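Throughout, protein chains are lettered first and strands after them, A, B, ... in sequence-line order, and every chain is numbered starting at 1. Owing to the predicted nature of the structure, the values given are computational and were not obtained by experimental measurement.
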Amino acid sequence: MALEKHKKYWRENLKYLAILLSIWFLVSYVFGILLVTELNTIRLGGFKLGFWFAQQGSIFVFVILIFVYVRLMNKLDKKYGYDT
Amino acid sequence: MTVQNWTLLIVISTFGLYIAIAIWARAGSTKEFYVAGGGVSPLANGLATAADWMSAASFLGMAGLISFNGYDGSVYLMGWTGGYVLLALLLAPYLRKFGKFTVPDFIGDRYYSNIARTVAVFCALLVSFTYVAGQMRGVGLVFSRFLEVPINTGVIIGMIIVLFYAVLGGMKGITYTQVAQYCVLIFAFMVPAIFISFLMTGNPIPQIGMGGKVIGEGVYLLDKLDGLSSELGFSIYTNGSKSTIDIFFITAALMVGTAGLPHVIVRFFTVPKVKDARKSAGFALLFIAILYTTAPAIAVFARTNLIETVSEKEYSSMPEWFSKWEATELITFEDKNNDGKIQYVADKEINELIVDPDITVLANPEIAKLPNWVIALVAAGGLAAALSTAAGLLLVISTSISHDLIKKQIKPDISDKGELIVARLSAVVAVIIAGYFGIHPPDFVAATVALAFGLAAASFFPAIILGIFNKRMNKEGAIAGMVVGILSMLFYMMKFKFNWFGGGTEADWWFGISPEGFGTVAMLINFIISLIISNFTPAPPKEVQEIVENIRIPSGAGEATH
């Protein structure tokens, strides 16, 4: 029983990781590097968009990602009674 | 007051503060010495991690690198921040739950093998020593330029200060000193940036000013800089010149290397609970991001200011800072066409001015004609950044020796008091060696600091990740992976950086990947080797599989134990 609960917790954790790390990959490697030339044709004020992602945007998203993860995991811990 | 007096005043008062904190927070047991007693709040740990992480390279060097490389400099920005996402999501909570003192501790216990532990100690020492020498050099540089003492005297003063609080306070002293150092360094970094952003674009927030319009000209600052760069033959600032594949691999190597650096990982052992480890990783990145999103703005301001100040201007009309930096030989000018003006262009035949990127942050307030106290503040900030990182690294080195080698392998029956004495002695020896390398920097130091990340990526990262996420991973797989990973990194680095094994030029790089980016390849090799070998060798014992089950559940993270 305990083992079953443990497995379910771990699976949900892995699901969160997969989603958050996909966003992590998208904003840095895809927007900031692989598609940078294409995105640079779009402008965000004085910034070219790809350049902005590479030097500013990706960093903001990273910070948000960690705090979202903290919230999700705190909730998950509570749900499974692992928050003590 | 002159710049020198201001600097003296600010540097002496900040140093006094660090020493006072060290005396207040001195360590009484090995647990306090290694992990600050495990009772640091997530906020304090976030601040300390940020200071620990941001070294002389981040504070003094990075904005300059970006300034001279434009878009290519993005590898540092994304690489050195994105690693924290990996750290927060994949490592920190589990290592905190595991609850030991060091990274080799985890490797040694998870892979039930002293060989694995020793390999990990070797990797930790290699990474930390290459890194710490650069910090000592940074301390010497700031002293020599702003207080006009010789670089070597500067290094020795820095050594004495670090020695004092690292040896006395251990992790506990270091943690609270780093909190103070973060405040000093971020204040010192932001004040000139806000001034300059306001002067150039009318917006005091550098992150926004960077994308704003130049006051009185009506063009966007970045467009203006792109124009200036291409006029002088440099590559367009916002496009850069490196190949996409190299940018990709360097970014990945820096990210993974960040997540694998022992002095950063160990900071997450100092908080009380697993959820505190997650949270403090978030705080750490938030505090780091303040500097890391400002640095590219400073880079743009500094580059534009520099070009406008020097290009096609009379050499005799150069401001005072120009000749001061010439005296340190970090700016050199040679009037090749004898017209008395400075030609600053990409073409090496015609170019007359060489500026070392390292001076960008230090010279920036002077170039922008800011008040003297701001210039002095930047010097104190640079020292705070270098000292905080040096202390964190020295702690890893001394812990590796006193805990992972002596306590765990050579003399297991050593008393807590005895171990504490050994830890302090190893810290002393480590400071002296680091200081020696700071005074006599071997050529390989400069080349290897960036590569320390490749080494960390190639060795620790896969072993830790597999140790948590793959229950079947055994000692054979992990050891083989670490050894092959770090050897292939060393091989590539020696071949293309030091010209061993037949050497080679850029054209010979495998798939166009530079040695800085090769850490990613070596990491992949490590993963593949580990997985293959573990498949053909016996599964780890049952107790070890239970450890893995246990670290995946956050509840009941006890205090760190031996």
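For the set A/Leu44, A/Leu65, A/Ile59, the entry with the most heavy-atom pairs within less than 4.5 Å of chain B is A/Ile59. Comparing B/Leu77, B/Ile208, B/Ile247 by how many heavy-atom pairs each has under 4.5 Å with chain A, the most go to B/Leu77. When A/Val63, A/Leu20, A/Val27 are compared by the number of non-hydrogen pairs under 4.5 Å with chain B, A/Val63 comes out ahead. When A/Leu34, A/Thr37, A/Ile64 are compared by the number of non-hydrogen pairs under 4.5 Å with chain B, A/Leu34 comes out ahead.
The side chain to side chain donor-acceptor pair (under 3.5 Å) contacts involving residues 243-255 of chain B comprise B/Asp246-B/Ser514, where partners must be two or more places apart or lie in separate chains. The salt bridge (Lys or Arg N to Asp or Glu O under 4.0 Å) pairs that include a residue from residues 22-47 of chain A are A/Arg43-B/Asp223, where partners are two or more places apart or lie in different chains.
Contact of the A/Leu14 side chain with the B/Arg552 side chain is not registered, since no non-hydrogen atoms from C-beta on lie closer than 4.5 Å. B/Glu549 has its side chain within reach of A/His6: a pair of non-hydrogen atoms, C-beta onward, lies under 4.5 Å apart. Side chains of A/Ile33 and B/Val75 form no contact here, defined as non-hydrogen atoms less than 4.5 Å apart. Here the side chains of A/Phe51 and B/Tyr237 are in contact, with some heavy-atom distance below 4.5 Å. The shortest distance between side-chain heavy atoms of B/Lys279 and A/Asn74 does not fall below 4.5 Å.
If you take CG on A/Leu17 and CG on B/Leu89, they are separated by 5.0 Å, rounding to the nearest 0.5 Å. Rounding to the nearest 0.5 angstrom, the gap separating the CG atom in B/Asn239 from the CG atom in A/Asn40 is 6.0 Å. Taken to the nearest 0.5 Å, the OH atom of A/Tyr82 stands 3.5 Å off from the CD1 atom of B/Ile553. Separating the CZ atom in A/Phe62 from the CD1 atom in B/Ile288 is a distance of 12.5 Å, to the nearest 0.5 Å.
Neither the backbone nor the side chain of B/Leu221 comes within less than 4.5 Å of any heavy atom in chain A. Both the backbone and the side chain of A/Phe47 have a heavy atom closer than 4.5 Å to some heavy atom of chain B. A/Ser58 touches chain B through its side chain: at least one heavy atom from C-beta onward sits under 4.5 Å away, while N, CA, C and O do not. Contacts of A/Val61 with chain B are absent, with no heavy-atom separation under 4.5 Å from either backbone or side chain. At a 4.5 Å heavy-atom cutoff, the contact between A/Tyr9 and chain B is made by side-chain atoms alone. Contacts between B/Ala252 and chain A at a heavy-atom distance below 4.5 Å involve backbone atoms as well as side-chain atoms. Neither the backbone nor the side chain of B/Leu87 comes within contact range of chain A; no heavy atom of the residue lies under 4.5 Å from a heavy atom of that chain. For A/Tyr80, no part lies near chain B; criterion is any non-hydrogen pair under 4.5 Å. Looking at B/Met255, the atoms closer than 4.5 Å to chain A (heavy atoms on both sides) all sit in the side chain, from C-beta outward.
Across every non-hydrogen atom of B/Met78 and A/Ala54, the tightest pair is CG-O, 3.4 Å. Of all heavy-atom pairs spanning A/Ile66 and B/Gly282, the tightest one is CG2-CA, 3.4 Å. Considering every non-hydrogen atom in both A/Gln55 and B/Pro296, the closest pair reads OE1-CB, 3.3 Å. The shortest non-hydrogen separation linking A/Gly46 to B/Leu222 is O-CD1, 3.6 Å.
When only modelled atom types and interatomic distance are considered, A/Gln56 and B/Thr293 share no side-chain donor-acceptor pair under 3.5 Å.
Aromatic ring orientation, B/Phe248 versus A/Phe25: perpendicular (interplanar angle above 60°, classes split at 30° and 60°).
Ionic pairing of B/Asp226 and A/Lys48 is present here: one or more N-O contacts between side-chain nitrogen and carboxylate oxygen are shorter than 4.0 angstrom.
Other residues, nucleotides and ligands place more than 12 heavy atoms under 6.0 Å from the OH atom of A/Tyr16. In B/Lys224, the NZ atom is crowded: over 12 heavy atoms of neighbouring residues, nucleotides or ligands sit closer than 6.0 Å. Around CZ of B/Arg472, the count of heavy atoms belonging to other residues, nucleotides or ligands within 6.0 Å exceeds 12.
Ring pair B/Phe469/A/Trp10: centre-to-centre distance below 6.0 Å.
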* What's the verdict on side chain to side chain contact (heavy atoms under 4.5 Å, CB included) for A/Met73 and B/Arg278, showing C-alpha distance, side-chain angles and the deciding distance? -> CA-CA 9 Å; A/Met73 290 309 282; B/Arg278 296 182 194 131; 3.4 Å; yes
